[in-house]
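Notes to accompany the following structure.
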Amino acid sequence: MKTRQPSVLGGAMIAAGTMIGAGMLTLPIVSAGMWFTWTIFIMLLTTFFMQNSAEEILEVNLNYPEGSSFHTLVQDNLGHFASIINGLSVAFVLYILLYAYVDGSGSVIQNALQVNFDIAMPKAMAGLIFAVIFSILVWWGAKAVDRISTILMFVMFITLFAALTGLLKSISIPNLFEPSGESSFAIYAFASLPFFLTSFCFHASVPSFVKYYGRDGGKKIRLAIAIGMILTLIFYGVWMLGIMGNIPRVQFLEVAQAKDGLVWLLNTVNLSEMFRTILKFFMFFAVVTSFLGAGLGLFDYIADLCKFDDSALGRAKTAVITFIPPTILGMSLPGGFIVAIGFAGLFAAIWSVIIPGMMVIAHRKKAGNEKSVFRAMGGKWMPYIVIIYGVIAAVSHLLVEVFHWNALNFLAP
């Protein structure tokens, strides 16, 4: 009896669920300098490049056994040194993202309980409960993540549009197109690149997709990725419209003095108490879907790297290595959500953009004239263009966060 292949919709929901989360919470803040028009442009640009780099990983991955991860693909095509660099970058990004989601969930849960129910729960405890519950779902398997992500995505749609009903009532068109503050805009786009890159990144899950759909599911995987990207683009675009239409550009300068940027955003947005509560539910669901997607990607990567089997005990070992470090970090280092997402973008530029471009170039040279079962869009020059994009994003982050080039940073004190 032929096994039914998973649906495109399920894969699209995993992809979108992985991407939607961090961006909803960080992009309004890091985009304040360039504001709305440039934000939409950078969002479209990022969608194009991240779709392409995901397809480059897919092109290579479909020529390897199901279950092979980045570690296997990179080592075979780029050598041992590149696999070490890639492995460190992948691990850092996914671990730091999981840390950010544990920290962000703690902020949202703590704030919601305190404001709505007058319950004082320590942020660390809220983050721990969150991590334990949803780590178990990832341990259960990709099908569990697929089903939960699909449900949560629909709930996110409902809560987002419910929250936007309140936001859209008070949108100011001059806020969007005649923003307050200084007249420079485009220069601040560079500082936002790593944050956008992270917000459209789910690339560690591509090998999981190949394992899930099978090696003959290339077209379905491409379509699932594309639908996931478009859904993410729509979510982010509507979200930025609502936030930037309500909070004046100059008011975002207060973030530099805020103890927790996420809580600042929740408390600053112009909403009634009912719509503010709905917004908190939306943010929570956004963090959950991202945690599940990133957790699944890191889980499969760790299993492949450590050669753990797929038994209950093997998956338990993988879960311990995957989830305990970021959970401990999220409990002990609160308030690092936005900074963590930025540094994740720096290393994500390496493994999700630069490495895939280099890998597909090497793979095509090795394959020679052999016909490929799948080919990434854009032709032979596109991998080089994608690599340049990744380098610009990485350098931009270094200039702002490491070398403190404040000319690129709108929120610099």
Side-chain angles (χ1 to χ4, degrees), residues 21-39 42 100 103-112 114-115 123 163-164 166-196 198-199 236 239-273 275-277 279-280 282-284 286-287 333-343 345 397 400-401 404-413:
M24 291 294 187
L25 311 177
T26 59
L27 291 186
I29 295 172
V30 301
S31 302
M34 62 178 174
W35 209 240
F36 186 69
T37 303
W38 275 98
T39 293
I42 293 297
D103 178 66
S105 68
S107 295
V108 174
I109 294 170
Q110 181 191 45
N111 183 267
Q114 182 67 54
V115 173
K123 181 178 175 180
L164 283 172
L167 286 171
L168 294 175
K169 287 180 181 178
S170 53
I171 278 183
S172 167
I173 298 302
N175 262 11
L176 295 171
F177 301 106
E178 299 174 18
S180 56
E182 60 178 276
S183 58
S184 298
F185 296 94
I187 190 66
Y188 297 120
F190 290 99
S192 73
L193 288 177
F195 291 91
F196 277 92
T198 306
S199 299
Y236 285 158
W239 176 247
M240 300 298 274
L241 173 69
I243 295 296
M244 290 182 167
N246 275 271
I247 304 177
R249 182 184 182 224
V250 71
Q251 195 169 349
F252 276 91
L253 294 172
E254 297 173 5
V255 174
Q257 283 75 45
K259 185 178 179 181
D260 190 319
L262 180 53
V263 173
W264 176 90
L265 186 63
L266 279 169
N267 294 333
T268 305
V269 68
N270 184 23
L271 285 173
S272 68
E273 201 54 49
F275 284 116
R276 197 183 302 277
T277 300
L279 179 60
K280 289 173 185 176
F282 163 73
M283 286 187 167
F284 174 75
V287 172
L333 292 175
F337 186 87
I338 295 174
V339 174
I341 298 298
F343 276 96
H397 186 76
V400 173
E401 296 295 339
H404 303 292
W405 198 350
N406 290 338
L408 301 178
N409 187 4
F410 178 72
L411 301 176

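For reference, positions follow the sequence shown, starting with 1. What you see below is based on every heavy atom in this structure, not just the backbone, and it leaves out hydrogens, waters and symmetry mates. Only a predicted model underlies this, so the values are computations on that prediction, with no experimental measurement involved.
At least one donor-acceptor pair under 3.5 Å links the side chain of R276 to the backbone N or O of V269. The main-chain N or O of L27 is never found under 3.5 Å from a side-chain atom of Y236 such that the two would form a donor-acceptor pair. Counting only distance, with no hydrogens or angles, the side chain of W35 and the backbone of N175 share a donor-acceptor pair below 3.5 Å. Listed for the N246 side chain is a donor-acceptor partner under 3.5 Å among the backbone atoms of G242.
The closest side-chain heavy-atom distance from P179 to F36 is not below 4.5 Å. The shortest distance between side-chain heavy atoms of L176 and L241 falls below 4.5 Å. Under the 4.5 Å side-chain criterion, counting only non-hydrogen atoms from C-beta, F196 is in contact with T39.
Taking the ring centroids of F282 and W239, they lie under the 6.0 Å cut-off.
A distance of 8.5 Å separates NZ in K123 from OG in S105, rounded to the nearest 0.5 Å. In this structure, CD on E401 lies 6.5 Å from CG on N409, to the nearest 0.5 angstrom. How far CZ of F410 is from OH of Y188: 6.5 Å, rounded to the nearest 0.5 Å. To the nearest 0.5 Å, atoms CD (E178) and CD1 (I173) are separated by 10.0 Å. Distance check, rounded to the nearest 0.5 Å: OG1 of T37 to CD1 of I42 gives 12.0 Å. Considering CZ of F284 and OG of S107, their distance stands at 13.0 Å, rounded to 0.5 Å.
The heavy-atom pair separating I341 from T198 by the smallest distance is O-OG1, 3.5 Å. Of all heavy-atom pairs between G342 and P194, the closest is O-CB, 4.1 Å. Nearest heavy atom pair, residue M244 against residue A32, reads CE-N, 4.5 Å. When all heavy atoms are compared, the tightest approach of F252 to I243 is CZ-CG2, 4.0 Å.
Surrounding CH2 of W264 are more than 12 heavy atoms belonging to other residues, nucleotides or ligands, all under 6.0 Å away.
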